[in-house]
Amino acid sequence: MITSRRSIKSPRSPRVTVPAPPVLQSGDRLTASEFLRRYDAMPEVKKAELINGTVYMASPVRAKQHGIPDNMIQGWLFQYTAYTPGTKAAANSTVRFDAENVPQPDALLMIESGGQASIGKDGYIHGAPELVVEVAASSASLDLNDKLAAYRRAGVQEYIVWRPEENACDWFILEDERFIPLKPDAQGCLKSRAFPGLILDVKALLEQDAPKLLTRLSKQLGKPAHRAFVTALKKR
């Protein structure tokens, strides 16, 4: 493999040539540390993941199939965090699980203090966020198989997979070390167990009806269960 080379100063010699890390390629088998070393050296790459020790590089992002749906998810989670102090949402952020799994989910929601995950000194999220969301187009097979298994093993409590091309959305809940599909209520909505007040109007999501999606959520914010959750977060 051809690698670039760069020069650095040394106290013993004016210039020392150091080889740059090899470039990331889909299918590479790496440890988490080596994966991040190569990823950090490639700022032009916007998304790469390590799942079960294998590198996956993202395909080009299409607006209709991914970009627009992704934006809706970010807005939905942002509204929840805006009214739920003590929670934090992040978009397309690298998460370190273990030596073989470093995913970069489309969206995540975590408890800031005393939760399962935290932001390390390196700027990465360490541990399993309570909620992870993937907008799956070309990545649907990965998101519903190897990545689902990796999230389950890491202890992610809730996992949402929205597949715009298939007009489908699944919300999985971790129970007894298995992901169980969450069932909608009588109004066709899915409700988080880890985050009281977080509700997903599935029909509005699939129709990409943002006003209806956010209106449904706002009606849950401030209700007793949500208020009690916010109070509990403040005590942490």
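- Contacts of Q187 classified as side chain to side chain contact (heavy atoms under 4.5 Å, CB included), with partners at least two apart in sequence or in another chain: D185, C189, R216.
- The OG atom of S59 sits 12.0 Å away from atom CD of Q65, with the distance rounded to the nearest 0.5 Å.
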Under the side-chain contact (heavy atoms from CB on, under 4.5 Å) criterion, do K212 and D201 qualify, and how do the steps go?
CA-CA 8 Å; K212 184 179 179 181; D201 187 321; 3.4 Å; yes

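- Residue K64 places its NZ atom among 12 or fewer non-hydrogen atoms of other residues, nucleotides or ligands, all under 6.0 Å distant.
- In summary, the side chains of R153 and N52 do present a donor paired with an acceptor at a separation below 3.5 Å, with no hydrogens or angles considered.
- Between the side chain of H226 and the backbone N or O of G222, at least one donor-acceptor pair lies under 3.5 Å.
- Looking only at distances, no side-chain donor or acceptor of S93 sits under 3.5 Å from a matching main-chain atom of A90.
- Note: Y159 and F179 have tilted aromatic rings, judged against thresholds of 30 and 60 degrees for the angle between ring planes.
- T84 contributes no side-chain N or O that, together with a main-chain N or O of T87, makes up a donor-acceptor pair within less than 3.5 Å.
- Counting only distance, with no hydrogens or angles, the side chain of D28 and the backbone of L30 share no donor-acceptor pair below 3.5 Å.
- Here the options are E158, E175, Q157, the test is side chain to side chain donor-acceptor pair (under 3.5 Å), and the partner is R193; only E175 passes.
- For the pair E130 (side chain) and I111 (backbone), a donor-acceptor distance under 3.5 Å is present.
- In this structure, the side chains of L131 and I160 come closer than 4.5 Å at one or more pairs of heavy atoms.
- Heavy-atom contacts from other residues, nucleotides or ligands closer than 6.0 Å to OH of Y124 number more than 12.
- T31 places none of its side-chain heavy atoms less than 4.5 Å from the side chain of E100.
- Side chain of T94 to main chain of Q104: no donor-acceptor pair is present (N/O by atom type, distance under 3.5 Å, no hydrogens or angles).
- The backbone N or O of I51 lies less than 3.5 Å from no partner atom in the side chain of N101, so there is not a single donor-acceptor pair.
- Residues E134 and Y151 bring a donor and an acceptor atom of their side chains to less than 3.5 Å of each other.
- With hydrophobic clusters built from ILVMFWY side chains whose heavy atoms lie under 4.5 angstrom apart, M57 shares a cluster with F35.
- Y39 contributes a side-chain N or O that, together with a main-chain N or O of A48, makes up a donor-acceptor pair within less than 3.5 Å.
- A single hydrophobic cluster is not seen to contain both F78 and V133; linkage of ILVMFWY side chains at heavy-atom distances under 4.5 Å, directly or through other members, places them apart.
- A donor-acceptor distance shorter than 3.5 angstrom exists from the side chain of W76 to the backbone of I199, with no hydrogens or angles considered.
- Using a distance-only test at 3.5 Å, with no hydrogens or angles considered, no donor-acceptor pair links the side chain of E49 to the main chain of Y56.
- By the 4.5 Å heavy-atom criterion applied to side chains, C169 and L206 are counted as neighbours.
- Residue N167 holds its CG atom at 9.5 Å from CH2 of W162, rounded to the nearest 0.5 Å.
- Atom CZ of R236 has more than 12 heavy atoms from other residues, nucleotides or ligands within 6.0 Å.
- A salt bridge between D106 and K47 is present, with a side-chain N of the basic residue lying under 4.0 Å from a carboxylate O of the acidic one.
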